[in-house]
Amino acid sequence: MSKKLKIGLFGFGVVGQGLHDIIKAQNLNLEIVKIAIKNPKKRRTLDAHLFTTSHDEILDNPEINTVVELIDDADAAYNITKRALTNGKNVVSANKKMIATHLEELVHLQEKYGTSLLYEGAVCGSIPIIRNLEEYYDNELLHGISGIFNGSSNYILSKIFNEGASYDAALKEAQDLGFAETNPILDVGGYDPKFKLTIATAHAYGLFLNPDKILNIGIQNLSDADIQYAKEKNYKIKLVPTTRKISTKQVITFVLPKFVKSDDFLYNVENEYNGVTVQAAFADKQFFFGKGAGGHPTGAAVLSDIAALRYDYRYEYKKYKQQNGLIHTDKVSLEVYLRYQHEYTVEKLQIENISERFSRNDYKYVIGSVSLKNLIENKDILVNKDIFIAQTGRISYSEQDIKAIAEEGILVNG
């Protein structure tokens, strides 16, 4: 038998309203008792008595057993989630930055107070990737996870490659439609997919990583020359977060634009859709596809978590508890396309094995291998507006990489 959930909802924006619509459309054993909002003067279609500006009215209400947190402010979301878990209330959240930053602490709080925090809606909208990593892949050896985790950037890139729009025009359209913020750097700069990748890595490999330790380079410096190069090679450019096991003991993570070929699952993932590729040792390659943005798709993922709480569902974090000895590393080389202005950039990044080079006054690029470590150490250079870098699809190992990896474990798929 399912238990009745009495819900305190924080936030009534696009996702909050989408969740409310979905709940109204179904006969579920749950009730929204109170909704916390910031602006009490804003006109709303629901009964005014349902709303409050006081967090305490929800967090200190013994009738409410479930908190659903759907606000943008990561710091406020953390305080709400921590208090709720400590007070014996289960929590559903869609705040990927808050979860990625505080996940290890929140896991320990759940264990200490016997509560549950679920967050399917925080990673890739409607795609149930976290539950699958927890349940379907719990005993599977995963080689890697990659995909399109950000609908805003993907919408912009789709307009560029399918309709010939300029980057600036595509960005403005995304903003006008509400897919991108007025300051869109969290999306186009790769921060949003980095937070999601951090969470996915915790469930895939049992590693709780500091998001600040993960390289994220976005598409904000994409130029007409980069677009033309990709089209001439029959590529599309996608913003792709990657977590991959490179040895029996080591995992790499990064977020980079990537040249994607037509035989790649991600090639046909367009607009606000997301796609996740899971490469497993026994199940081989599997692909998840669905809407990654919007009130109803994300609201559906949130509702799935709420419904699971009716049966006392909790993430078990099996791979974390196995103490498998995995470590986060930068001991790998990536083949990249690098557009640059000054030769100093190529020298500073120590680009090796250059297979292609072009130079004229207004456009210079090379294709070659670069250490992930060098990219991380020189991120301040890579975000310069005169530079664009994209992975060309290959992950390789220098002799130095192989030697370093061998000291920790056996090379995987080397």
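Worth knowing before you read on, the calculation uses all heavy atoms, side chains too, and leaves out hydrogens, waters and symmetry mates. As the structure is a computational prediction, the values presented were derived from the model and not from experiment.
The number of heavy atoms from other shown groups lying within 6.0 Å of NZ (Lys231) is above 12. Counted within 6.0 Å of NZ on Lys364, heavy atoms from surrounding residues, nucleotides or ligands total more than 12; the atom is thus considered enclosed. Residue Tyr136 places its OH atom among 12 or fewer non-hydrogen atoms of other residues, nucleotides or ligands, all under 6.0 Å distant. Counting non-hydrogen atoms of other residues, nucleotides and ligands closer than 6.0 Å to CG of Asn79 gives a total above 12. Environment of NZ in Lys38: sparse, with no more than 12 heavy atoms of neighbouring residues, nucleotides or ligands closer than 6.0 Å.
Here the shortest heavy-atom pairing between Ile217 and Leu239 reads O-CD1, 3.5 Å. Across every non-hydrogen atom of Ala74 and Asn95, the tightest pair is CA-ND2, 3.7 Å. In terms of heavy-atom proximity, Leu309 sits nearest to Leu5 at CB-CD1, 4.1 Å. In terms of heavy-atom proximity, Ser93 sits nearest to Ile99 at OG-CD1, 3.9 Å. Ser116 and Tyr313 get closest at one heavy-atom pair: OG-O, 3.0 Å.
At least one side-chain heavy atom of Ile160 sits under 4.5 Å from a side-chain heavy atom of Leu222. Within the 4.5 Å cutoff, the side chain of Leu157 has no heavy atoms near those of the Lys236 side chain. Side-chain atoms of Asn353 and Glu335, non-hydrogen and from C-beta on, never get closer than 4.5 Å to each other. Side-chain contact between Ile129 and Asn274 is absent, with no heavy atoms from C-beta onward closer than 4.5 Å. At a threshold of 4.5 Å between non-hydrogen side-chain atoms, the residues Phe10 and Ile58 count as touching. Contact of the Leu256 side chain with the Leu334 side chain is registered, since non-hydrogen atoms from C-beta on lie closer than 4.5 Å. With a 4.5 Å cut-off on side-chain heavy atoms, Gln322 and Lys319 count as touching. For the pair Phe254 and Leu375, the minimum side-chain heavy-atom distance is 4.5 Å or more.
Between Lys172 and Asp168, none of the side-chain N atoms (NZ, or NE/NH1/NH2) sits under 4.0 Å from a carboxylate O, so this pair counts as no salt bridge. Salt bridge Glu343/Arg357: present, at least one basic N to carboxylate O contact under 4.0 Å. In this structure, Arg314 does not pair ionically with Asp312, as no charged nitrogen and carboxylate oxygen lie closer than 4.0 Å. Between Glu135 and Arg131 there is no salt bridge, since no side-chain N of the basic residue sits under 4.0 Å from a carboxylate O of the acidic one.
With rounding to the nearest 0.5 angstrom, the OG1 atom of Thr345 is 4.0 Å from the CD1 atom of Ile387. Expressed to the nearest 0.5 Å, how far CD of Glu120 lies from CG of Asp305 amounts to 6.0 Å. We find the CD-CG distance between Gln26 and Leu303 to be 5.5 Å, quoted to the nearest 0.5 Å. A distance of 5.0 Å separates CG in Leu382 from CD1 in Ile389, rounded to the nearest 0.5 Å. Taking CD1 of Ile227 as the start and OH of Tyr167 as the end, the distance is 10.0 Å to the nearest 0.5 Å. Interatomic distance, Thr243 OG1 to Leu142 CG, rounded to the nearest 0.5 Å: 9.0 Å.
For residues 217-226, the pairs satisfying side-chain hydrogen bond (donor to acceptor under 3.5 Å, both in side chains) are Ser223-Asp226, Ser223-Arg339, Asp226-Tyr337, Asp226-Arg339, with sequence neighbours left out.
For the residue pair Glu270 and Asn154, no side-chain donor N or O sits within less than 3.5 Å of a side-chain acceptor on the partner. For the residue pair Thr52 and Glu57, a side-chain donor N or O sits within less than 3.5 Å of a side-chain acceptor on the partner.
No donor-acceptor distance shorter than 3.5 angstrom exists from the side chain of Asn150 to the backbone of Gly190, with no hydrogens or angles considered. Under the 3.5 Å distance criterion, the side-chain polar atoms of Asp187 are left unmatched by any main-chain donor or acceptor of Ser153. With hydrogens and angles ignored, the 3.5 Å screen pairs no side-chain donor or acceptor of Ser146 with any backbone N or O of Thr242. Formation of a donor-acceptor pair under 3.5 Å by the Asn271 side chain with backbone atoms of Tyr273 is not found in this model. For the pair Asn87 (side chain) and Lys89 (backbone), a donor-acceptor distance under 3.5 Å is absent. In this structure, the side chain of Lys238 does not engage the main chain of Ile148 through any donor-acceptor pair within 3.5 Å. For Lys196 (side chain) and Phe149 (main-chain N/O), a donor-acceptor pair under 3.5 Å exists by modelled atom type.
Under the rule for a salt bridge (charged side-chain N to carboxylate O under 4.0 Å, His left out), the partners of Lys321 that lie at least two apart in sequence or sit in another chain are Glu111.
Figure legend: Arg44 and Phe12 shown without cation-pi pairing, the cationic atom not lying both under 6.0 angstrom from the six-membered ring centre and within 45 degrees of its axis.
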Intermediate values then yes/no, ring pair (Phe, Tyr, Trp, His ring centres under 6.0 Å), Phe265 and Phe289
CA-CA 9 Å; Phe265 289 134; Phe289 173 82; over 10 Å; no
Go through Asn132 and Val276 one step at a time and tell me if the side-chain contact (heavy atoms from CB on, under 4.5 Å) criterion holds.
CA-CA 12 Å; Asn132 273 283; Val276 183; over 6 Å; no
Between Asn65 and Asn90, is a side-chain contact (heavy atoms from CB on, under 4.5 Å) present by the stated rule, with each step listed?
CA-CA 7 Å; Asn65 56 24; Asn90 294 326; over 6 Å; no
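In this structure, the ring of His328 has its center no less than 6.0 angstrom from the ring center of Tyr205.
The residue from Tyr363, Tyr365, Phe388 that alone fulfils the ring pair (Phe, Tyr, Trp, His ring centres under 6.0 Å) condition with Tyr229 is Tyr365.
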